[in-house]
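In what follows, every chain begins at residue 1, and chains take the letters A, B, ... in the order their sequences are listed. These numbers come from the heavy atoms of this one structure, side chains and all, not from hydrogens, waters or symmetry mates. This is a predicted model, so every value here is computed, not measured.
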There are 2 protein chains.
Amino acid sequence: MAVTIKDVARAAGVSASTVTRALTAPELVHPATRDRVRQTAATLGYHPNRAARGLITGRTGNLGLLVPDLGNPFFPSVVKGVQARAHEGDYAVFLADTDEDTAAEIGLVRRLSKQVDGIVLCSPRMTDDELRTLAADTPLVLLNRRLARVPSVIPDFAEAMRQAVSHLAALGHRRIAYVAGPRVSWANRERVRALRAAAGATGVEVVEVGNVMPQFEGGVAAADQVLAAGVTAVIGYNDLVALGLLNRFTARGVRVPGEISVLGFDDIAPAAMVHPSLTTVALPKEQAGRAGVDLLLQLLEQPDRPAVRRELPVQLMVRGSTGPIPR
Amino acid sequence: MAVTIKDVARAAGVSASTVTRALTAPELVHPATRDRVRQTAATLGYHPNRAARGLITGRTGNLGLLVPDLGNPFFPSVVKGVQARAHEGDYAVFLADTDEDTAAEIGLVRRLSKQVDGIVLCSPRMTDDELRTLAADTPLVLLNRRLARVPSVIPDFAEAMRQAVSHLAALGHRRIAYVAGPRVSWANRERVRALRAAAGATGVEVVEVGNVMPQFEGGVAAADQVLAAGVTAVIGYNDLVALGLLNRFTARGVRVPGEISVLGFDDIAPAAMVHPSLTTVALPKEQAGRAGVDLLLQLLEQPDRPAVRRELPVQLMVRGSTGPIPR
DNA sequence: TTGAAAGCGGTACCAA
DNA sequence: TTGGTACCGCTTTCAA
């Protein structure tokens with residue numbers, strides 16, 4: 001059986017209340033008592049039961065984290081950031097993978113909400129209304145999704161697209177394709193919008209292909225349509241899609257970037273592992289995770305503060321998959 | 001404020017005890033009462049607070065999961081398996097990434113143990129003694145690690161190496177390199193042992209290079225030593241290392257498999273994304289996660305049953321990175 | 001078949 | 001500065 005506060009109290013010859021104080025409000029107890037209690041607790045290997053504590057304080061010391069698909073390396077990076085920051089604040093993390101399933105998402109939030117102080121929702125697929133309903137019950141922070149009156153962390157999509165399109169335009173491309181991700185993805189809609197703006201500003205023509213799943217296979221499936229569209233460059237919804245395009249082009253003997261340039265988003269690890277390596281716009285991942293926890297902890301401290309929206313910087317990583325237009 | 005059992009009791013005109021029974025032991029309450037209570041609970045959106053329940057039942061309904069590095073796609077796959085099986089059993093999962101840090105590993109187990117019913121330890125780096133100490137306090141299941149009297153799930157390493165070496169031998173390779181992973185990795189020691197056995201049986205000579213970190217960069221770093229060793233094939237500790245080798249070979253203009261064959265372990269997603277694609281021995285990942293939870297739940301049911309050890313099958317995936325010896 | 005009361009491991013408040 | 005007591009939300013006797 002685990003050692004409880006009573007065991008410590010008995011061993012130290014004090015009451016349970018004093019043990020609590022010695023551990024959580026040291027200034028309220030006599031130094032000698034405090035030291036004795038702490039010493040005893042350490043010897044016995046006492047660690048307070050957070051669940052029991054949470055019952056009365058209303059704080060569990062746990063955070064929830066939902067991601068759509070751990071199979072996409074983007075999300076493990078976010079998870080790492082969340083974990084790192086959470087542990088610094090002495091929080092533990094409940095993680096759930098929703099498998100891109102909206103219903104599962106809602107159920108998991110409900111399920112988790114009792115056991116955690118707040119939840120970081122990464123790239124949620126549910127509707128704005130559903131989100132708002134949940135946010136009314138549980139402290140929520142959104143990653144890669146914007147919603148009025150809910151704290152959120154988002155990459156600077158507009159800037160990301162500007163960098164991508166400017167790069168291609170500078171290489172001489174005038175007609176490019178965009179392989180779209182899931183229609184329910186807020187990030188996809190944002191990217192489309194930003195792309196149109198950036199393309200308009202640079203006089204580049206855009207052909208949309210898709211929608212596809214935000215996975216390698218989605219890119220593979222879209223590749224032939226892209227080739228048929230008569231473009232000299234293609235931007236994938238994310239790196240996985242771009243890697244799928246790259247793979248299919250190579251398999252068909254289409255030279256990259258000799259005949260077509262390929263560009264992705266995210267900068268996941270495999271982007272640097274392939275040959276040619278993938279030019280991509282690096283989105284903050286660990287950093288976004290950390291920022292999400294920051295906002296959540298703020299929200300827990302001051303529930304009534306107006307919701308903060310944090311926009312994080314992005315950076316184009318020029319690698320081997322983009323080059324001058326074929327001539 | 002969340003709805004509690006009292007709210008339901010009041011709304012349904014019964015006592016809290018009856019609500020509990022209606023929900024957890026339906027046969028003990030009158031069908032009419034049961035239905036009314038359940039209906040009320042549903043309307044109010046009542047979900048029992050698992051922490052409070054755990055306080056009295058000793059069961060939290062939570063499982064812990066520790067992995068060394070979510071950045072290696074192998075582990076997210078395992079996580080998916082664990083989650084899937086856990087949710088089927090109505091358990092939630094606490095995940096922690098230890099960043100390959102032994103001290104963090106131990107601390108996290110201690111930290112988690114109060115909040116969960118049991119812990120799945122994936123590829124733990126700590127020593128046998130440390131493991132055994134923890135296992136005495138907390139129900140533990142090991143993945144990719146074997147330890148007497150502790151339930152464990154491991155891939156059939158011996159068979160994996162046999163398949164790998166036989167494949168290379170059949171292609172004519174007689175002198176191959178092995179790029180070793182971390183010295184503290186049990187899996188690495190097992191692979192070395194299995195490799196020696198398999199090599200001895202087939203008359204293949206093995207050169208060991210390393211140890212390196214089990215990452216892409218480790219493979220990149222080892223590649224030149226491998227070339228200098230005068231071998232015609234190389235087996236990486238895992239796919240990330242093999243991908244690093246592949247990348248560096250390609251960058252140096254060394255043709256794969258024309259001049260050297262490359263083989264990995266794990267079958268992570270990026271192995272199929274590169275060109276040439278990576279020949280690898282597929283280890284069970286989701287399946288291992290599921291099996292781990294199975295064993296843990298068994299252990300919770302029958303704590304005194306002798307520890308089960310489950311060995312899972314493996315399969316060589318022949319792809320583009322291995323071929324006949326150069327001539 | 002149901003309700004009252006006790007208690008799981010803590011913390012917070014009040015009184016001493 | 002300390003101890004006693006009530007209570008967080010829930011389950012489990014025990015009696016009715």
Closest contact, heavy atoms only, P124(A) versus L142(A):
CG-CD2, 4.2 Å
Counting any heavy atom closer than 4.0 Å, what does V14(B) reach on the DNA or RNA strands: base, sugar-phosphate only, or nothing?
sugar-phosphate
So if I take every side-chain heavy atom of T4(A) and compare against dG3(C), dG9(C), dG9(D), which nucleotide ends up nearest?
dG9(C)
When the distance from CD of Q115(A) to C1' of dG9(D) is rounded to whole Å, what number comes out?
13 Å
With a cut-off of less than 4.0 Å, is there a side-chain N or O of T20(A) near OP1 or OP2 of dT11(C)?
yes
Quick one, R145(A) with D128(A), criterion side-chain contact (heavy atoms from CB on, under 4.5 Å). Give me CA distance, side-chain angles, the key distance, then yes/no.
CA-CA 10 Å; R145(A) 175 89 174 242; D128(A) 284 0; 2.8 Å; yes
Strictly below 4.0 Å: does K6(B) bring a side-chain N or O up to OP1 or OP2 of dC10(D)?
no
Between R10(A) (CZ) and dG10(C) (P), how many Å, whole number?
12 Å
Per I56(B) side chain, nearest of listed nucleotides dC8(C), dC7(D), dT2(D):
dC8(C)
Most 5' of P31(B) and K114(B) on DNA chain C, judged by nearest nucleotide:
P31(B)
Nearest-nucleotide wise, let me know which of T24(A) and H30(B) is further upstream toward the 5' end of DNA chain C.
H30(B)
Whole-Å gap separating P (dT1(D)) and CZ (R36(A))
15 Å
Between atom CZ in R53(A) and atom P in dC7(D), what is the gap in whole Å?
22 Å
Test side-chain hydrogen bond (donor to acceptor under 3.5 Å, both in side chains) on E130(B) and T127(B); report intermediate values, then the result.
CA-CA 5 Å; E130(B) 293 168 328; T127(B) 67; 3.2 Å; yes
Separation of dG3(D) atom P from L28(A) atom CG, nearest Å, is 14 Å
With the side chain of R21(A) defined as its heavy atoms from C-beta on, choose the nearest nucleotide among dG10(C), dC13(C), dG7(C).
dC13(C)
How is T57(A) classified with respect to the nucleic acid when contacts are heavy atoms under 4.0 Å: base, sugar-phosphate, or nothing?
sugar-phosphate
Determine, for R111(A) against D90(B), whether the closest basic-nitrogen to carboxylate-oxygen distance falls under 4.0 angstrom.
yes
Say whether, by atom type as modelled, one donor and one acceptor occur between the side chain of T57(B) and the main chain of R53(B) under 3.5 angstrom.
yes
Taking CG from L55(A) and C1' from dC10(D), how many angstroms apart are they, rounded to a whole number?
8 Å
Look at the side chain of S17(A) against the base of dA12(C) and say whether a donor-acceptor pair falls under 3.5 Å; ignore hydrogens and angles.
yes
Between P of dG9(C) and CG of L23(A), the distance in whole Å
17 Å
In whole Å, what is the span from the CD1 atom of I5(B) to the P atom of dT11(D)?
5 Å
Of the candidates dC10(D), dT2(D), dT11(D), the side chain of T33(A) sits closest to dT2(D)
As a test of reading the structure: which of dG9(C), dC8(D), dG3(C) is closest to the side chain of A52(A), going by heavy atoms?
dG9(C)
